[in-house]
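Quick notes on the structure that follows.
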Amino acid sequence: MATLDGKHSFGSIGETRVTFVEKGTNEGRRDFLKQLLEHNGFEVILEDEKKKNEEDPQLYTVAVTDMVFNPTIWIFERKMRTLDGHKVTQDYWFQRTTETKPQYWKNS
């Protein structure tokens, strides 16, 4: 899974200029990101990555047409919302939890 490193990665898919959200994602992750990004008002572009071998799993590239979108900024500035209206946390983004409390620390 990718990390939130703050780097803005952009390029083209076909004739469309895009900001890459994640590359090399599986089908479940692709669907999760597509639904979350579309819910937040982004136009999502998906691309199948080429397989090196026929046995390899199909991987995908997820991108948006908004050229200034950066997931790190949107998550840590709390601009992105879940489908039920809560703020997206880093753990929610990476599908580590469905918990959306905004704490980035745990108290014992």
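One is the number of the first residue; the rest follow in order along the sequence.
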Do the side chain of Ser12 and the main chain of Arg17 share a donor and acceptor less than 3.5 angstrom apart?
no

Is the shortest heavy-atom distance from the side chain of Phe10 to the side chain of Val18 under 4.5 Å?
no

Measuring from Lys23:NZ to Glu47:CD, what's the distance to the nearest 0.5 Å?
9.0 Å

Is there a side-chain contact (heavy atoms from CB on, under 4.5 Å) between Leu33 and Trp93 once you walk through the steps?
CA-CA 8 Å; Leu33 289 174; Trp93 175 263; 3.6 Å; yes

Mark yes or no for whether Thr19, through its side chain, and Asp66, through its backbone, hold a donor-acceptor pair below 3.5 Å.
yes

Output the distance between atom OG1 (Thr16) and atom CD1 (Ile45), rounded to the nearest 0.5 Å.
4.5 Å

Using atom types as modelled and distance alone, determine if a side-chain donor or acceptor of Thr89 lies under 3.5 Å from a backbone N or O of Tyr92.
yes

Working for side-chain contact (heavy atoms from CB on, under 4.5 Å), residues Lys34 and Leu46:
CA-CA 8 Å; Lys34 182 178 189 307; Leu46 304 171; 3.6 Å; yes

Please check this pair: side chain of Gln58 against backbone of Asp48, looking for a donor-acceptor N/O pair closer than 3.5 Å.
no

Quick check for you: to the nearest 0.5 Å, what is the distance between Met67 atom CE and Thr65 atom OG1?
9.5 Å

Would you check, one step at a time, whether the test side-chain contact (heavy atoms from CB on, under 4.5 Å) holds for Val88 with Leu36?
CA-CA 9 Å; Val88 172; Leu36 183 63; 4.1 Å; yes

Cluster check Phe76, Val64: I/L/V/M/F/W/Y, side chain < 4.5 angstrom:
yes

Between Met80 and Leu37, is any pair of side-chain heavy atoms under 4.5 Å apart?
yes

I would like to know whether Phe69 and Val21 meet side-chain contact (heavy atoms from CB on, under 4.5 Å); could you show each step before the answer?
CA-CA 9 Å; Phe69 174 74; Val21 177; 3.9 Å; yes

With the threshold set at 4.0 Å, does a side-chain nitrogen-carboxylate oxygen contact exist between Arg29 and Glu22?
yes

Taking a hydrophobic cluster as the set of Ile, Leu, Val, Met, Phe, Trp and Tyr residues connected by side-chain heavy atoms closer than 4.5 Å, whether directly or through intermediates, do Val44 and Phe20 fall within one such cluster?
no

Okay, side chain of Asp56, backbone of Asn53: is any donor-acceptor separation there less than 3.5 Å?
yes

Strictly distance-based, threshold 3.5 Å: is any side-chain N or O of Glu49 a donor or acceptor partner for the main-chain N or O of Leu59?
no

Would you confirm whether His39, through its side chain, and Thr82, through its main-chain N or O, come within 3.5 Å as a donor-acceptor pair?
yes

